[in-house]
Amino acid sequence: MAAAVSSARNGAKTLLVEKRNGLGGLLTFGMLNFLDIKHGSDGKSINKGLFTEWHKLVGGDSAFDIELGKAAFYKMVADEKNLTLSLSTQLVSAQLGADGSTVEGVKLRNKNGEFSVSGKRFIDATIDADFAAMSGAPFFIGGEDIFDKSRLMSVTPVIHLKGIDWAKLKKASKASGWKFGKVDFNDTTAWGFAELFTLYKPVENNTRLRGLNLVRIRQSDGDHFYINALQIFGVNGLNENEKKTALEVGRRETDHIVEYLRKEMAGFEKATVASDATELYVRETRHLKALYQLPMSDVWRNQDHWDSIGHGGYPVDIQGTSLKDLGTVVSNPKTYAIPLRSLIPQKLTNMLVVGRAAGYSSIAAGSARVVPTGMTTGEAAGAAAAQSIKSNVNFHKFSADEKLVETLRTTLEKQGALVKHFNSKYPYQGNGTIMQLRSW
């Protein structure tokens, strides 16, 4: 949405293709309605622009109502005169130029049959860089850049419940005898419950329950609750059969989790499953090989870049990759810049890739993969696409032209995005030597 709206607002005739019958992807169809927001020194999100615009429409909180989220996405798209939306439309194939470095069009399929659409610029905002991979863009899988291709973070089916007594749960978490670890509450979210990790014994193989991220949404038929906590290991997020099996495993394990919580945790006595997840939260699959592969050293050093198109800053949250791996927060940066070059595939000159599959190292992606950062990259890509068409310069040449990049940064700033340069200290600054391994 951010990429398409930004492109349209900058004057480009834009087509937004979505395989689902509505907008929002993982946030709405996967029910992942808890936002990982990095706040700056002013207490406000460092991801501004179109993310802030959408965030206000859904209430400006760390969690949001899913139907409201869908409506907000749709409103922003529908308000753009240069933007055409094609829902329930499948990607069939990419149509490349003779030299293989440019994409000339795309073949699509929907209820009207198969058809081709040509374009001057393309943005891949799929969660797995599907279109870029189909077009021949180089990529790596999981932890392949640190010599472990099989290292993939766990997947999660979000658990949707009704019947939790929020006030009772909150009171119990502060009382003596509470055994589930520290819990932090606000009006719509609760997080912590770290001792569940050892107290709950899963039934299904290759599953684990970590501390709850619990969202409470008030609706006309009562409160609804969404839990991001069930981890399933060994799932290839690019394999539809494995994802389908993981959802089935998740449904069975969810029943056991709810049964356990009813018996053991105050406030859950009347909890019931309201609906089952239809899409998995897949944290990691492909990583684009970009003109600049954002390394972990840039993240923990709070590194700025001359071609910054936005800021990241969320903690580097590497979820467990196996039952033996507990997961870890590698670093908690203040802020770091995302270069335009990290959105540009090495071998394609008229495509940009945004979201969690963009050009980050597998460890740096532990921070950059979050949705607000992804919407920041989308907004920048849309503006860059429109500007590169006007300038008649492909992205490889565009990214090397300081004047064009600065014009893009000015455009983004006018749209409300945060792109200003900064100079920030970092832990252990001046102590030792930084070595960076470049695999590509």
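Counting from 1, the numbers follow the sequence of the chain as shown.
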Problem set entry | Flag if over 12 foreign heavy atoms under 6.0 Å of OH, Tyr74 | no
Exercise. Any side-chain heavy atom of Leu85 within less than 4.5 Å of one from Leu23?
Worked result: yes
Exercise. Would you say Thr189's side chain and Asn186's backbone share a donor-acceptor pair under 3.5 angstrom?
Worked result: no
For this session: Measure up the Phe34 and Trp191 rings against each other and bin them: parallel (under 30°), tilted (30 to 60°), perpendicular (over 60°).
Result: perpendicular
Exercise. Going by atom types only, do His160 and Ser275 share a side-chain donor-acceptor pair under 3.5 Å?
Worked result: yes
Exercise. Just by distance, with hydrogens left out, do Thr126 and Asp128 show a side-chain donor and acceptor under 3.5 Å apart?
Worked result: no
Exercise. Under a 4.5 Å cut-off applied to non-hydrogen side-chain atoms, are Phe29 and Lys70 in contact?
Worked result: yes
For this session: Spell out, as yes or no, whether a donor-acceptor pair under 3.5 Å connects the side chain of Ser391 to the backbone of Ser388.
Result: no
Exercise. With a 4.5 Å limit on heavy-atom distance, are the side chains of Thr52 and Lys44 in contact?
Worked result: no
For this session: Give a yes or no on whether the backbone of Glu379 and the side-chain of Ser6 come within a donor-acceptor separation of less than 3.5 Å.
Result: yes
Problem set entry | Within 45° cone of Phe233 ring axis and under 6.0 Å: Arg208 NZ or CZ | no
For this session: Check the pair Val299 / Tyr360 against side chain to side chain contact (heavy atoms under 4.5 Å, CB included), numbers first and verdict last.
Result: CA-CA 10 Å; Val299 174; Tyr360 316 124; over 6 Å; no
Exercise. Do Asp79 and Lys75 touch side chain to side chain, with heavy atoms closer than 4.5 Å?
Worked result: yes
For this session: Answer yes or no: is there an ion pair linking Lys403 with Glu406, defined by an N-O contact shorter than 4.0 Å?
Result: no
Exercise. Checking Ser93 side chain against Val106 main chain: does a donor-acceptor pair fall under 3.5 Å?
Worked result: no
Exercise. Mind checking whether Phe395 and Phe398 have parallel, tilted or perpendicular rings, split at 30° and 60°?
Worked result: perpendicular
For this session: May I ask you to test the Ile159-Val273 pair for a side-chain heavy-atom distance under 4.5 Å?
Result: no
For this session: For Arg216 and Ala63, indicate whether the former's side chain and the latter's backbone hold a donor-acceptor pair under 3.5 Å.
Result: no
Problem set entry | Any donor-acceptor N/O pair, Asn228 side chain to Leu212 backbone, under 3.5 Å | no
Exercise. Does a side-chain heavy-atom distance below 4.5 Å link Met375 with Met1?
Worked result: yes
Exercise. So, Arg283 versus Thr156: side-chain donor-acceptor pair below 3.5 Å or not?
Worked result: yes
For this session: Run the salt-bridge test on Glu80 and Arg9 with the 4.0 Å N-O cut-off and return the result as yes or no.
Result: yes
Problem set entry | Exercise: do Asp65 and Gln219 side chains pair donor with acceptor under 3.5 Å | yes
Problem set entry | Audit row: Leu50, Met76, side chain to side chain contact (heavy atoms under 4.5 Å, CB included) steps and yes/no | CA-CA 9 Å; Leu50 290 177; Met76 292 182 68; 3.9 Å; yes
Exercise. Is the shortest side-chain N to carboxylate O distance from Lys162 to Asp221 below 4.0 Å?
Worked result: yes
For this session: Let me see the working for Asp298 and Tyr336 under side chain to side chain contact (heavy atoms under 4.5 Å, CB included), right down to the final yes or no.
Result: CA-CA 7 Å; Asp298 280 4; Tyr336 57 89; 5.7 Å; no
Exercise. Can you tell if the side chain of Glu253 reaches within under 4.5 Å of the side chain of Pro202, non-hydrogen atoms only?
Worked result: yes
Problem set entry | Check: Val370 main-chain N/O paired with Asp36 side-chain donor or acceptor under 3.5 Å | no
Exercise. With a 3.5 Å cut-off and no angle check, do the side chains of Ser399 and Tyr292 form a donor-acceptor pair?
Worked result: no
Exercise. Is it true that a side-chain atom of His55 and a backbone atom of Lys48 form a donor plus acceptor pair closer than 3.5 Å?
Worked result: no
For this session: Could you go through the side chain to side chain contact (heavy atoms under 4.5 Å, CB included) check for Ile123 and Val354 one step at a time?
Result: CA-CA 7 Å; Ile123 301 172; Val354 300; 4.1 Å; yes
Exercise. Ignoring hydrogens and geometry, is there a side-chain-to-backbone donor-acceptor pair from Gln387 to Ala384 under 3.5 Å?
Worked result: no
Exercise. Between the side chains of Thr102 and Asn350, does any donor sit under 3.5 Å from an acceptor?
Worked result: no
Exercise. Do the non-hydrogen side-chain atoms of Met153 and Thr321 ever get within less than 4.5 Å of each other?
Worked result: yes
Exercise. Quick one: does Gln319's side chain have a donor or acceptor within less than 3.5 Å of a partner on Ser154's backbone?
Worked result: no
